[in-house]
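Protein chains get the first letters and strands the later ones, always in sequence-line order, with residue 1 at the start of each. Bear in mind that the values here come from a model prediction, so they are computed numbers and not experimental data.
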Amino acid sequence: MSAAAPVVELKQITKRFPGIVANDSISLTLEKGEIHALLGENGAGKSTLMNIVFGLYQPDEGSIEIGGKPVIIDSPNKAIELGIGMVHQHFKLVDPFTVTENIILGMEPKKGLKIDYKSAAEQVRKLSELYGLQVNPHARIHDISVGMQQRVEIMKTLYRGADILIFDEPTAVLTPQEINELMAIMKRLVAEGKSIILITHKLKEIMSISDRVTIIRRGKVIDTVKTSETNPNELAEKMVGRDVTFKVDKLDPHVGNTVLKLDGVNSKNKEGISVLNNLSFEVKSGEILGIAGVDGNGQSELIQAITGLRKIDSGSIIVEGKEIANLSPRKISEMNVSHIPEDRHKHGLVLDFTVSENMVLETYYKSPYNRNGFMNNEVIDKHAEELVQAFDVRTPSIHNTARSLSGGNQQKAIIAREIDKEPTLLIAAQPTRGLDVGAIEFVQKQLIAQRDQGKAVLLVSFELDEIMNVSDRIAVIYEGQIVGEVYPKDTNDQELGLMMAGGLKRGGKAGE
Amino acid sequence: MNKFKKIFATDSYIVPLVAILLGFLVGAIVMLIGGYDPIAAYGALFKRVFGSPYDFGEAIREMTPLMLTGLSVAFAFRSGLFNIGADGQVLIGMTAASLIGIKWAGLPLFLLVPLAVIGAGLCGGLWAGIAGYLKAKRGINEVITTIMLNWIALFLANYIVRTFLLIPGQNRSEDIPASISMTFLNSFFDNARLHWGTFIALAAAVFFYIYLWKTKQGFEMRAVGLNPHAAEYAGMNVGRNVMKSMFIAGVFAGLAGAGEVLGVFHYQAVFAGSPGYGFDGIAVALLGLTHPFGVILAAILYGMLTYGSAGMSFNADVPPELIRIVIGSIIFFIAAQGIVRWVLKPFYFKRKKEKVL
């Protein structure tokens, strides 16, 4: 690192919100050409800090220096002017617009009164080549993959001349392959002289790409370390404030009767393409069946079929001896099937409902919550209060909206609700997606606790580690079909990976 | 006292109030530019509303249908639907009330009047339900269908009046014997056309509030409105809620129609064009932030301004159309809340500092 002034220097930044200190005297330096990771649990204050750097919030105390000069960043426009660009976790793109239109939005090159699309597209293409982004400037946003959309976000910042890029949880929405590509792009960016702040709670990514790590816990800087001088265990411990075991402790399963049985299930999507293809498997009580697979191989459709959100064309789905195929979601839910949905914002919660209301989202019509057609708010609130306590959902009050909770606490609320239904079958779709280490541990423990109580658990996850650690048995899904069943102890990442890619079938059912 | 302070510290109350003030301000500026005296104009406006018992009564008459159509639009909005069809639903309600009131005139009044009112609400509801059904079962956007239904309602209403109810040689129906006028108030309000519809509207607002926030069905409806995906996941029948919500919205509008023919005119005219109750209802619903009590307040304001605007032209020689600028600006400032917040910013900062100390 050169003796030149750091690109960004935050000095003793403090930001208070009613009731909490989000950032408590945080200092941080970003050197030119480095990737500086900001690590912390959900709600630790990472996003607040970056929103201060990007001009969305004003610090209550402290100062910011850019290239050695003190600055006041009072709006995102000012931040952009100073060469700061932010790649948001939730993309801010206009779907029906093309890539080029999105990139130039607000800074359109003009030819007379008209927008000069030709030179704009040319500029976009040049940027794309320089940084190895490979984006088609004429494609429309709704036609391109999530990974590509993220590249458009990156290009937006580059087009505005950003030298300092802030990535807010960039990998949360990406597939493993897209993550690798993003890593390559980030390396390319720093090679071209950019500096990057990477907000994340994924230790793997930090270890593989960052130069230094600053760990934040409850609004305070715990430490800043060189990545080469640390290890994931140390980082996790600093982040959470206690020892974190990556190994999941669990007893041997006591497997009982078959709870869920799928037999030859077929389903086509709107375009008539087969998404579930003669799919069969069983889940027994007291076991966790992990469905491993690459995203888009029928996992979402499988869960929709079991929970009644999708019609199947043929085959049978049996829960505790009863056929449930093509029943309504409510009927299936009433057969003690709980579902932790993949997309907690879209399906799991009504974000503008209070925590309390969300806790009875599926049971509101039953006594004692419903009394002669009226909502029994006293009971509903008491119920919510109990769940919030039991599952450690951190919210100022049960009357706050679900939207105001952090991602981890939203997920905890859903899990609380679903487990409270005392299901015989618990379906968990990507239950730890986007959560930090501490919350992941919590969620996985809950799943195992349910299994130990004799419930059947169906776990769908794209995280191979999770599948390997949590499941008692693994079924691999590929192109809407189960291509093999194995026990975790009899297999390894390579073999599973091969099966997930369709390169290997392991015949029959595990154990047969 | 603390609670009182808290109520007025929330944006939801302050923003509309400031938006109203800004709206009046914009109106005043336009008047100044046009060479009119805004103080005289606004003075005349309020004098017209509060100046005499008759005018005050008539202003209430003006507000009543706005309350109901405002509630209609707001109710649909709460379950994620945009009801542009309140106008047609009012017309259908009117026609049903007239038809029942005239054709079943042999019935005793204590039966006939409620029948006509209920019939109006029911028919308005079913009319809106058509749009609800098309949305739920066929996925057709309710904005399109309700607009189309407005025209169908207009010509259907005119056809029925012309064919079954017409006084020969005139462009209106026979007189309707059923009445919901509050004739016992005539001496107080100098024969202003007050009617029970006002209380129906207030009751509708109370029903709106209790139904949506206190009942099981309201819980479902709000969930569907805020996030239909989560509602479906949670086992709610989204389509049925869409139909139910449109039906109830239509009932509100239909009742407005009943009030107009049974309480105000006592006959039904053949309309040359859309009477416009429903469109004012959209403005009222927005102004009231789609909250039932907000809608009532908004209808009161809207009705006052509309009724009072006639006074502006009589007493201050200001064209009554100017009041549309005021109303338009108020809605603009409510929709563009950012501007209002920006105006309020200095005050907010002051308050925050006090809090810290």
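- Looking at B:E220 and A:Y364, their side chains do bring a donor and an acceptor atom within 3.5 Å of each other.
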For B:F219 and A:V360, what are the C-alpha separation, side-chain angles and deciding distance, and is it a side-chain contact (heavy atoms from CB on, under 4.5 Å)? CA-CA 10 Å; B:F219 182 87; A:V360 292; 4.0 Å; yes
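- Heavy-atom pairs under 4.5 Å with chain B were tallied for A:G348, A:S333, A:P329; the largest tally goes to A:P329.
- In A:K331, the NZ atom is not crowded: 12 or fewer heavy atoms of neighbouring residues, nucleotides or ligands sit closer than 6.0 Å.
- By the neighbour-count criterion of 12 heavy atoms within 6.0 Å, atom CZ of B:F77 is sparsely surrounded, having that number or fewer from other residues, nucleotides or ligands.
- The shortest non-hydrogen separation linking A:L349 to B:A230 is O-CB, 3.6 Å.
- Chosen from A:F353, A:Y369, A:Y365, the residue pairing most often with chain B at heavy-atom distances under 4.5 Å is A:F353.
- Within the model, atoms NZ of A:K346 and CD of B:E232 stand 9.5 Å from one another, a figure rounded to the nearest 0.5 Å.
- Residues of residues 235-253 of chain B placed with any heavy atom under 4.5 Å of a heavy atom in chain A are listed by number as B:G235, B:M236.
- When all heavy atoms of A:P341 and B:Y233 are compared, the closest pair comes out as CD-OH, 3.6 Å.
- The CZ atom of A:F374 sits 15.0 Å away from atom CH2 of B:W213, with the distance rounded to the nearest 0.5 Å.
- Interface remark: of the candidates A:E334, A:Q304, A:E357, A:E357 forms the most heavy-atom pairs closer than 4.5 Å to chain B.
- Heavy-atom neighbours of chain B within the stretch residues 406-424 of chain A, taken at a separation under 4.5 angstrom, comprise A:R417, A:E418.
- Looking at A:N370, the atoms closer than 4.5 Å to chain B (heavy atoms on both sides) all sit in the side chain, from C-beta outward.
- Counting heavy-atom neighbours within 6.0 Å of A:K311 NZ, excluding the residue itself, gives a total above 12.
- More than 12 heavy atoms of other residues, nucleotides or ligands shown are found within 6.0 angstrom of NZ on A:K78.
- Judged by distance alone, the side chain of B:N227 and the main-chain N or O of A:H345 form a donor-acceptor pair under 3.5 Å.
- For A:E378, the CD atom is loosely surrounded, since the number of other residues' heavy atoms within 6.0 Å does not exceed 12.
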